There are 2 protein chains.
Amino acid sequence: MEVQTLTRRDRERLARSRAILDAALDTFAEKGYEGATLDEVAERAEFGKGTLYNYFPGGKEEILFALFDEVYDGVVRLTDNYFSDQLLGENATREVFRAYISRMISHFIDRLPNFLLLIKEAHRMVFGDQTESADYLFTQRERVAEALARPLQSAMDRGEIKPLDAHTVAHLVMGNIHGYLMFACPRNGGKSASADPEQGADFITTILFDGLLTDAQ
Amino acid sequence: MEVQTLTRRDRERLARSRAILDAALDTFAEKGYEGATLDEVAERAEFGKGTLYNYFPGGKEEILFALFDEVYDGVVRLTDNYFSDQLLGENATREVFRAYISRMISHFIDRLPNFLLLIKEAHRMVFGDQTESADYLFTQRERVAEALARPLQSAMDRGEIKPLDAHTVAHLVMGNIHGYLMFACPRNGGKSASADPEQGADFITTILFDGLLTDAQ
DNA sequence: GCGCGATGTGACCAATGGGTCATATTCTGA
DNA sequence: TCAGAATATGACCCATTGGTCACATCGCGC
């Protein structure tokens, strides 16, 4: 619109790269990384198979890791943005995190292929035998955990939540979001658009923040 | 030792079947289902590849589902046994569940391949495009959730924990156990025997039962 | 329009691995 | 000891698929 920082060629190249990644994300999410074929990715992207290698010389694996980058970046960005907007300490801690959880659930419901990629492939590769990939995914998971650990630590410092290890708590919170999504939108039978972010966030927050024990305990 | 209900042939056949399943479990857990080859399974079991088909005519897939059966049976059995031994209502609810969580963590630490099979393959197939497999795994997950939902419902009926949906809470608890294990024994770098069941159970119980909010809230 | 570099393409290649089967070996009962 | 059943085996088959490349096409500058 305003300043053209990219030539037309660069823009088109970017758009084609985008189309390939989108096609690959859908395919990998549906069939799994091993079950997906480059032929199908190429077909969905409306390119010949050879073209994929012009954009991703590393082939199937390079495409997969490019997708991981984007998916994790999205989660880290959402987390960072959310908590930098919140004036921590001014709003009720419980509500701040409840709304965060709701946003995360919405984020993945709107991007189910992202979620499926994490469930199907990332979790498998973290425990895979290729140390390189395992390290990469471990690092990405840590990035997310760190982004969430900061506001948690802050709340702990203010004495609003129990002084546990913020990093571990962050992993637990992320795990609960994933767990809720796995539970709430199971069967890709198609009709599972029913998961309600608010309801899920309420449920998780009630347990994680208030505890299962009755108040009268 | 006492009554021979099985002939020698049947016992030996069972033992060979066992050897094949053990070899397959290790291989699948390490390489993943798709990444594992029947040649390697056969080699680890010290059989020729053809022999596998004498015991599992359905081939690779039949072996995988036989493993799923065993893994899920183990978890359901542990859960049922544990809660049938506990005189619910006589012991402190919090401690009963804390000890259960500790047992589950121990169970999987002692059987890491079982855990890896669930993480790597079950989670992938629940969302897979083969409805048959997805249904099967969904049902197995429900069995576990049901076994845990019963004592939870019982505690709710006694007013000891909040009256939420027991089934959903059961899924959440299972998810937290899995989440802790994923966090606590990452990198199969070999040195990860450090996860402490008691510590993990304390951590999970503190958050799930007492809540993150400080008591003075 | 012309020429050349950039880009697209799909037939092709080679490796892989699940599954089969003819043959060899072992076990059982008489 | 022997016949026949049960079992073990691994060479073989072939469908699949990631990756390659010679060639076709396109588009931009002149």
Side-chain angles (χ1 to χ4, degrees), chain A residues 4 6-28 30-67 121 124-125 128-130 132-133, chain B residues 4 6-28 30-67 120-121 125 128-130 132-133:
Chain A
Q4 288 292 331
L6 266 46
T7 69
R8 184 227 292 277
R9 251 237 305 285
D10 286 339
R11 268 180 288 124
E12 289 186 345
R13 198 171 173 83
L14 209 59
R16 296 205 176 90
S17 170
R18 179 74 278 129
I20 291 172
L21 288 175
D22 288 343
L25 177 61
D26 288 344
T27 312
F28 290 172
E30 194 174 309
K31 307 280 182 64
Y33 176 68
E34 317 242 25
T37 70
L38 287 186
D39 279 313
E40 177 167 354
V41 173
E43 190 183 6
R44 289 209 205 191
E46 295 177 284
F47 283 111
K49 181 162 60 163
T51 305
L52 302 192
Y53 286 84
N54 290 340
Y55 292 87
F56 300 93
K60 206 182 186 188
E61 192 168 315
E62 181 179 345
I63 294 176
L64 176 66
F65 282 94
L67 289 173
E121 305 308 324
R124 180 174 61 80
M125 296 183 72
D129 47 359
Q130 303 176 61
E132 180 129 25
S133 308
Chain B
Q4 289 290 332
L6 266 47
T7 69
R8 183 226 292 280
R9 250 235 305 285
D10 285 341
R11 268 181 287 125
E12 288 187 344
R13 196 171 174 83
L14 210 58
R16 296 205 176 90
S17 170
R18 177 76 279 127
I20 291 172
L21 288 175
D22 288 343
L25 177 61
D26 288 345
T27 311
F28 290 172
E30 195 174 310
K31 308 281 183 62
Y33 175 68
E34 318 243 23
T37 69
L38 287 187
D39 280 312
E40 178 166 354
V41 173
E43 190 183 5
R44 289 210 205 190
E46 293 176 285
F47 284 110
K49 179 162 62 163
T51 305
L52 302 192
Y53 286 84
N54 290 340
Y55 291 88
F56 300 93
K60 205 182 186 188
E61 192 168 316
E62 182 179 344
I63 294 175
L64 176 66
F65 281 94
L67 289 173
K120 291 186 177 182
E121 304 309 323
M125 296 183 72
D129 47 0
Q130 303 177 59
E132 180 130 23
S133 308

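On a predicted model such as this, the values are computed, not experimentally measured, just so you know. Values below: every heavy atom of this structure, side chains too, minus hydrogens, waters and symmetry copies. Letters go in sequence order (proteins before strands), and every chain restarts at 1.
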In whole angstrom, what separates [X]'s [atom1] from [N]'s [atom2]?
X     : N      : atom1 : atom2 : value
A:D39 : C:dT9  : CG    : P     : 13 Å
B:K31 : C:dT16 : NZ    : P     : 13 Å
A:E34 : C:dT16 : CD    : C1'   : 13 Å
A:E43 : C:dG10 : CD    : P     : 11 Å

Task: Interface residues of residues 52-59 of chain A with DNA chain C (non-hydrogen, below 4.0 angstrom) - done: A:N54, A:Y55

- [ ] Ignoring hydrogens and angles, tell me if any N or O in the side chain of B:K60 forms a donor-acceptor pair with the backbone of B:Y33 under 3.5 Å.
- [x] yes

Task: Donor-acceptor under 3.5 Å (A:T27 side chain, A:A23 main chain) - done: yes

Locate the shortest heavy-atom distance separating [X] from [Y]; write the atom from each residue and the value.
X     : Y      : answer
B:L52 : B:L38  : CD1-O, 3.8 Å
B:G59 : B:Y53  : CA-CE2, 3.5 Å
B:A66 : B:F56  : CB-CE2, 4.2 Å
B:V41 : B:I20  : CG1-O, 4.2 Å
B:G32 : B:E121 : CA-OE2, 3.3 Å

Open item on the list: The side chain of A:T37 is closest to which nucleotide in this list: C:dG18, D:dA8, D:dG18?
Closed with: D:dG18

Protein N or O to nucleotides 24-26 of chain C N or O, pairs below 3.5 Å:
none

Task: Any side-chain heavy-atom pair of A:F47 and A:R16 under 4.5 Å - done: yes

Open item on the list: For residues 42-53 of chain A, which residue pairs pass the salt bridge (charged side-chain N to carboxylate O under 4.0 Å, His left out) check, not counting sequence neighbours?
Closed with: A:E30-A:R44, A:D39-A:K49, A:E40-A:R44

Open item on the list: Once side-chain contact (heavy atoms from CB on, under 4.5 Å) is applied, do any residues pair with A:R13, and if so which ones, sequence neighbours excluded?
Closed with: A:Y55

- [ ] Determine: side-chain N/O of B:R13 to OP1/OP2 of D:dA6, distance under 4.0 Å, yes or no.
- [x] no

TODO: Using only side-chain N and O atoms of A:R16, determine if any of them is under 4.0 Å from OP1 or OP2 of C:dG8.
DONE: yes

Open item on the list: Taking the nucleotide of DNA chain C with the nearest heavy atom to each, does B:L38 or B:E12 sit closer to the 5' end?
Closed with: B:L38

Polar pairs (N or O, both sides) under 3.5 Å between protein and nucleotides 10-14 of chain D?
unit_1	atom_1	unit_2	atom_2	d
D:dG10	N7	B:G50	N	3.4

- [ ] Please list, chain by chain and in numerical order, all residues satisfying side chain to side chain donor-acceptor pair (under 3.5 Å) with A:E34, sequence neighbours excluded.
- [x] A:R124

